[in-house]
Student: 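Pasting in a structure now, in structure tokens, and then I'll have a few things to ask.
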Amino acid sequence: MASIDQDHRAADRLRGISGTIFSEMSALAVRTGALNLGQGFPDRDGPESVVEAAVQALRGGRNQYAPGPGVPELRDAVVAHQTRQYGLDLDADRHVLVTTGATEAIAAALLALVNPGDEVVVLEPYYDSYTAMIQMAGGIRRPVTLRAPDFRLDADELRAAVSDRTSVLLLNSPHNPTGTVLDRTELEVVAEVAREHDLVVVTDEVYEHLVFDGGEHVPFATLPGMFERTVSISSSGKTFSFTGWKIGWVTGPEALVRTVQAAKQWLTFTSGAPLQPAIAHALANESAYYEALAKELEVKRDFLCDGLRRLDMDVYLPQSTYFVTTDVSRYGYADGLEFCLALPERAGVVAIPSQFFYDDVEEGRHKVRWAFCKEQEVLEEGVRRLLAADLRA
Ligand SMILES: Cc1ncc(COP(=O)(O)O)c(C=O)c1O
């Protein structure tokens with residue numbers, strides 16, 4: 001990957017931060033004409049009624065700056081969603097902030113809550129914006145590894161990662177890339193630790209609706225006493241298959257939401273004015289869409305996992321998200337990157353080496369992530385190509 005370190009003019013806060021592996025591998029897919037089972041975007045757009053609502057807003061004079069906290073109808077829709085889904089009682093004026101996707105919410109939360117030198121405890125493998133933003137905020141990451149084959153949260157590892165320098169615990173559940181959905185017992189341990197050390201918990205829940213096998217996503221903020229110390233983040237990208245719209249939101253107690261807004265206002269101030277009412281429409285009217293999407297993804301997960309199991313790799317069945325993780329060590333490559341760089345030529349398929357999402361080099365070395373949020377024909381062709389190829393080093 002092209003590293004910023006090559007440019008001596010780059011500020012220290014960017015040292016070691018490279019281009020995202022997702023862009024890199026997507027470019028490789030385009031260059032080689034390979035099927036892209038790498039980056040997590042669906043092949044098909046979300047509901048037509050939501051597109052129509054955006055067109056109406058575009059034609060209806062919604063094209064100037066939206067209010068900083070977000071348009072009122074979207075904040076109302078987020079509140080109604082949190083009440084309906086999780087029984088949370090929020091106020092649209094005090095407890096909700098609309099953001100430019102979950103990505104900006106994560107950036108703003110970390111810039112707002114982390115002082116230089118503070119430690120941020122984060123689950124690994126991590127979503128790569130976390131490491132970049134912890135560094136840009138001047139923080140130090142303290143990973144807690146979710147280990148194969150089950151990728152569960154180990155209470156002792158969590159306790160060992162927290163110190164008196166920790167200010168934020170950054171959770172991601174449902175978890176990308178492992179597909180782990182933290183259960184109540186695991187979340188209660190997090191709550192205990194947060195209470196003991198007086199931590200703010202930032203939770204990234206963008207896959208909240210894409211849980212399989214009848215499983216349950218428990219928002220951390222619903223645990224007793226936790227709302228007051230939690231910044232909850234979600235987004236419409238995955239829920240409604242509009243990843244390019246970048247409409248996300250933060251919910252939490254007023255003081256924390258205002259603190260995050262203080263940083264957010266100087267990043268974009270506001271964005272997506274005509275898309276915000278369309279997502280309000282989606283949250284209010286299209287719950288059937290994401291319920292059906294979760295069922296469809298579950299079938300696709302099973303299809304891709306069955307195909308991958310016929311290869312010489314360990315396949316870890318995910319409980320949620322768009323992704324399945326595998327271990328490719330038996331193919332004889334030095335690491336997952338080498339495997340993924342050979343894959344387009346060998347099989348005409350692109351996948352993502354997960355090693356970039358780990359500090360624990362050995363745990364991540366041979367892990368490879370595959371996306372199943374693709375059309376069935378694409379998955380079928382991908383599996384057919386992989387089965388026909390010689391993948392050995
Ligand atoms: C865990 C996680 N958080 C955040 C995001 C980004 O969300 P958004 O597109 O709303 O910025 C993604 C996208 O892949 C993700 O997987």
Side-chain angles (χ1 to χ4, degrees), residues 20-26 36-43 45-46 50 70 74 78 81 97-111 120 122-134 141 143 146 151 169-182 201-211 217 219-220 231-251 260 264 267-268 270-272 275-276 278-279 282-283 290 293 297 318-325 351-352 354 356-358 369-374:
T20 87
I21 186 68
F22 305 112
S23 314
E24 183 108 345
M25 297 313 281
S26 287
N36 192 351
L37 301 186
Q39 201 168 2
F41 58 86
D43 288 340
D45 287 348
V50 182
L74 178 52
V78 168
H81 171 270
L97 171 67
V98 175
T99 57
T100 307
T103 306
E104 189 197 35
I106 293 158
L110 292 172
L111 289 172
V120 177
V122 56
L123 305 182
E124 78 167 11
Y126 28 67
Y127 180 57
D128 62 352
S129 89
Y130 303 165
T131 50
M133 284 315 307
I134 291 169
R141 66 174 180 271
L146 303 179
F151 300 113
L169 216 157
L170 176 51
L171 271 195
N172 170 214
S173 178
H175 181 262
N176 170 12
T178 65
T180 290
V181 181
L182 295 180
V201 180
V202 176
T203 68
D204 176 348
E205 305 178 20
V206 300
Y207 296 100
E208 61 184 316
H209 291 297
L210 306 183
V211 177
H217 164 62
F220 185 72
V231 173
S232 304
I233 294 172
S234 196
S235 151
S236 58
K238 315 292 174 178
T239 297
F240 294 110
S241 303
F242 289 117
T243 60
W245 285 18
K246 299 293 277 188
I247 303 294
W249 48 86
V250 165
T251 52
V260 175
K264 181 260 184 306
L267 295 173
T268 57
T270 181
S271 66
L275 303 178
Q276 292 191 25
I279 295 301
L283 282 171
Y290 54 71
L293 178 62
L297 282 169
Q319 299 174 284
S320 174
T321 74
Y322 285 176
F323 312 110
V324 50
T325 296
I352 299 284
S354 301
F356 298 104
F357 317 140
Y358 284 88
R369 191 194 85 170
W370 311 77
F372 49 80
C373 52
K374 306 291 169 184

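Just follow the structure's listing: the first ligand is 1, and inside any ligand the first atom is 1.
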Student: Closest by any non-hydrogen atom to atom 11 (O) of ligand 1: pick that one out of Asn176, Ile247, Thr103.
Tutor: Thr103
Student: Would you check, one step at a time, whether the test side-chain hydrogen bond (donor to acceptor under 3.5 Å, both in side chains) holds for Thr103 with Ser129?
Tutor: CA-CA 7 Å; Thr103 306; Ser129 89; 5.4 Å; no
Student: Please give me the minimum heavy-atom distance between Glu205 and Pro219, naming the atom from each residue.
Tutor: OE1-CB, 3.5 Å
Student: What orientation do Phe242 and Trp245 show, parallel under 30°, tilted 30 to 60°, or perpendicular over 60°?
Tutor: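 Rings of Phe242 and Trp245: parallel, under 30°.
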Student: Could you tell me the residue and atom name of the protein heavy atom closest to atom 14 (O) of ligand 1, and the distance to it rounded to 0.1 Å?
Tutor: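 Its nearest protein heavy-atom neighbour is Lys238 NZ, 2.7 Å.
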Student: Here's one to test your reading of the geometry: is the NZ or CZ of Lys238 within 45 degrees of the ring axis of Phe41 and under 6.0 Å from its centre?
Tutor: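 No cation-pi geometry.
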Student: Please state whether Tyr207 comes within less than 4.0 angstrom of ligand 1, counting heavy atoms only.
Tutor: yes
Student: Please report which non-hydrogen protein atom sits nearest to atom 7 (O) of ligand 1, along with the residue it belongs to and the distance in Å to one decimal place.
Tutor: Ala102 CB, 3.5 Å
Student: I need the atoms of ligand 1 closer than 4.0 Å to a non-hydrogen atom of Gly101, numbered in the order shown.
Tutor: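 Answer, ordered by atom number: 10 (O), 11 (O).
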Student: What I want to know is whether Asp204 and ligand 1 share at least one N or O pair that is separated by under 3.5 angstrom.
Tutor: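 There is such a contact, yes.
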Student: Taking a cutoff of less than 4.0 Å between a non-hydrogen atom of the residue and any ligand atom, is Ser235 in contact with ligand 1?
Tutor: yes
Student: Heavy atoms only: which of Trp249, Phe22, Tyr127 lies closest to atom 5 (C) of ligand 1?
Tutor: Tyr127
Student: Using 30° and 60° as the class boundaries, would you call the ring planes of Tyr322 and Tyr207 parallel, tilted or perpendicular?
Tutor: perpendicular
Student: Can you tell me which portion of Thr100 lies within the under-4.0 Å heavy-atom range of ligand 1? Options are side chain, backbone, both, or neither.
Tutor: neither
Student: Can you confirm, on distance only, whether ligand 1 has an N/O atom lying under 3.5 Å from any N/O atom belonging to Lys246?
Tutor: yes
Student: Mind checking whether Phe22 and Phe357 have parallel, tilted or perpendicular rings, split at 30° and 60°?
Tutor: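 Parallel.
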Student: Taking His217 for its side chain and Leu210 for its backbone only, find out whether a donor-acceptor pair lies under 3.5 Å.
Tutor: no
